[in-house]
Amino acid sequence: MKNAFSLKKPAFSGIGFITAIFIFGIALFITMEYYHIFTVKESVETDISRALNISVTMAVQDMDWVQHNSVMDTQKAQREFKTYLTEDMKLNDEYEKYADDGSFQYQIIIDETDIQKSPAKYSITGRIRMQPVTVRSIFPKSFDIPFKLSSNNIRTDD
């Protein structure tokens, strides 16, 4: 005698289980890739904002600072910005970042720079070029994430 329950098919067959695992895996890899893109973008934008802020602060002349004027040495600001990118962020001359093992991480591409002497303002528009990490066969070889950042130094009387 056979048990009546042994003749029924399982509710969730092997093919359905494999399909569910496959879909879950794809969603996991895409989520990991977007998380990587988001964290790199936020980190690079924070560093660039810091570079802009430092360059503007360093380029405002002391006498103007004391007199509550917002006047900046634009050439010094550009030098300070480039110094921050190359020395503190450890980017090469093309503003590329490589990991310790030599693998490419990202590149900062500056499309437009706007520097005003008075009131002191330094703005840049550009792109962060990076490569996918987890799903290289689905995403293009490299892609760009746009950014637009600025720093102001406005002095007013207290």
Side-chain angles (χ1 to χ4, degrees), residues 19-158:
T19 304
I21 296 253
F22 181 71
I23 291 171
F24 178 76
I26 289 173
L28 179 66
F29 281 115
I30 290 173
T31 302
M32 288 172 41
E33 190 64 46
Y34 278 109
Y35 178 74
H36 171 259
I37 292 167
F38 175 77
T39 56
V40 169
K41 179 185 183 294
E42 289 298 312
S43 174
V44 171
E45 283 184 348
T46 300
D47 282 337
I48 293 172
S49 290
R50 188 175 297 130
L52 287 170
N53 290 335
I54 288 171
S55 65
V56 169
T57 301
M58 298 293 285
V60 172
Q61 298 172 11
D62 291 337
M63 185 53 84
D64 291 322
W65 182 265
V66 170
Q67 294 176 359
H68 297 277
N69 294 328
S70 180
V71 179
M72 177 173 64
D73 179 354
T74 57
Q75 291 181 351
K76 183 174 183 180
Q78 288 176 322
R79 283 193 310 272
E80 292 291 334
F81 181 73
K82 184 172 181 169
T83 299
Y84 189 90
L85 293 181
T86 56
E87 292 181 9
D88 295 327
M89 290 180 67
K90 303 200 182 335
L91 303 177
N92 63 17
D93 290 336
E94 284 86 35
Y95 301 137
E96 296 173 326
K97 175 81 171 182
Y98 288 92
D100 291 337
D101 64 357
S103 62
F104 176 79
Q105 290 184 317
Y106 62 84
Q107 178 183 16
I108 297 172
I109 301 167
I110 298 173
D111 295 324
E112 186 179 330
T113 302
D114 181 27
I115 302 176
Q116 296 176 2
K117 183 174 183 170
S118 181
K121 184 176 181 180
Y122 196 160
S123 301
I124 61 169
T125 304
R127 300 168 280 143
I128 304 166
R129 178 166 290 159
M130 58 180 100
Q131 296 175 339
V133 174
T134 56
V135 285
R136 293 180 189 253
S137 60
I138 296 174
F139 285 114
K141 183 179 177 186
S142 66
F143 53 92
D144 295 346
I145 308 290
F147 67 87
K148 182 174 184 172
L149 300 167
S150 67
S151 178
N152 304 11
N153 189 356
I154 300 174
R155 295 286 301 197
T156 58
D157 291 331
D158 296 329

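Keep in mind that what you see is a predicted model, and the values were worked out from it rather than measured. Position 1 is the first residue of the sequence, and the numbers go up from there. Values below: all heavy atoms of this structure, side chains included; hydrogens, waters and symmetry mates excluded.
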Looking at every non-hydrogen atom in both residues, tell me the closest pair between R129 and F104 and how far apart they are. O-CZ, 3.7 Å

Measure the spacing between CD1 of I110 and CZ of F147 and express it to the nearest 0.5 Å. 6.0 Å

Any side-chain heavy atom of Y95 within less than 4.5 Å of one from I128? no

With a sphere of 6.0 Å drawn around OH of Y35, does it hold more than 12 non-hydrogen atoms of other residues, nucleotides or ligands? no

Taking all non-hydrogen atoms of both residues, which atom of T86 and which atom of N92 are closest, and how far apart? CG2-O, 4.2 Å

Straight-line distance of D93 CG to L85 CG, nearest 0.5 Å: 11.0 Å

Starting at OG1 of T46, measure out to CG of L149 and round the result to the nearest 0.5 Å. 9.0 Å

Please name the pair of heavy atoms, one in S103 and one in D101, separated by the smallest distance, quoted to 0.1 Å. OG-OD1, 2.8 Å

Can you confirm whether more than 12 heavy atoms, excluding those of E94, are under 6.0 Å from its CD atom? yes

For T74, is there any backbone N or O sitting under 3.5 Å from a side-chain donor or acceptor partner on K117? no

If we count only N and O atoms by modelled type, under 3.5 Å, do the side chains of D111 and T125 hold a donor and an acceptor together? no

Report the distance from atom CG of D73 to atom CZ of R79, rounding to the nearest 0.5 Å. 6.0 Å

Taking all atoms of both residues into account, what is the closest heavy-atom pair of Y106 and M130, and its distance? CB-CB, 4.3 Å

Side-chain heavy atoms of I115 within contact of M72, under 4.5 Å: yes

Can you tell me if T57 uses its side chain to pair, donor with acceptor, with the backbone of I54 under 3.5 Å? no

Residues in side chain to side chain contact (heavy atoms under 4.5 Å, CB included) with D88, at least two apart? Y84

With a cut-off of 6.0 Å (strictly less than), are more than 12 heavy atoms of other residues, nucleotides or ligands near CG of D100? no

I want to check something: taking the side chain as every heavy atom from C-beta on, are Q105 and V40 in contact at a cut-off of under 4.5 Å? no

Does the side chain of K82 come within less than 4.5 Å of Q78's, by heavy atoms? no

When rounded to the nearest 0.5 angstrom, what is the spacing between CD in E33 and OG1 in T31? 10.5 Å

Measure the CD1-CZ distance between I26 and F22 for me, rounded to the nearest 0.5 Å. 3.5 Å

Could you tell me how the ring of Y122 sits relative to the ring of F81: parallel (under 30°), tilted (30 to 60°) or perpendicular (over 60°)? tilted

Shortest non-hydrogen contact from K97 to M89? NZ-O, 3.2 Å

Which pair of non-hydrogen atoms, one from P146 and one from K41, has the smallest distance, and what is that distance? O-CE, 4.2 Å

Within a strict 4.5 Å, meaning less than it, do heavy atoms of the F143 and I145 side chains meet? yes

S123: which residues meet the side chain to side chain contact (heavy atoms under 4.5 Å, CB included) condition with it, sequence neighbours left out? D114, K121, S150

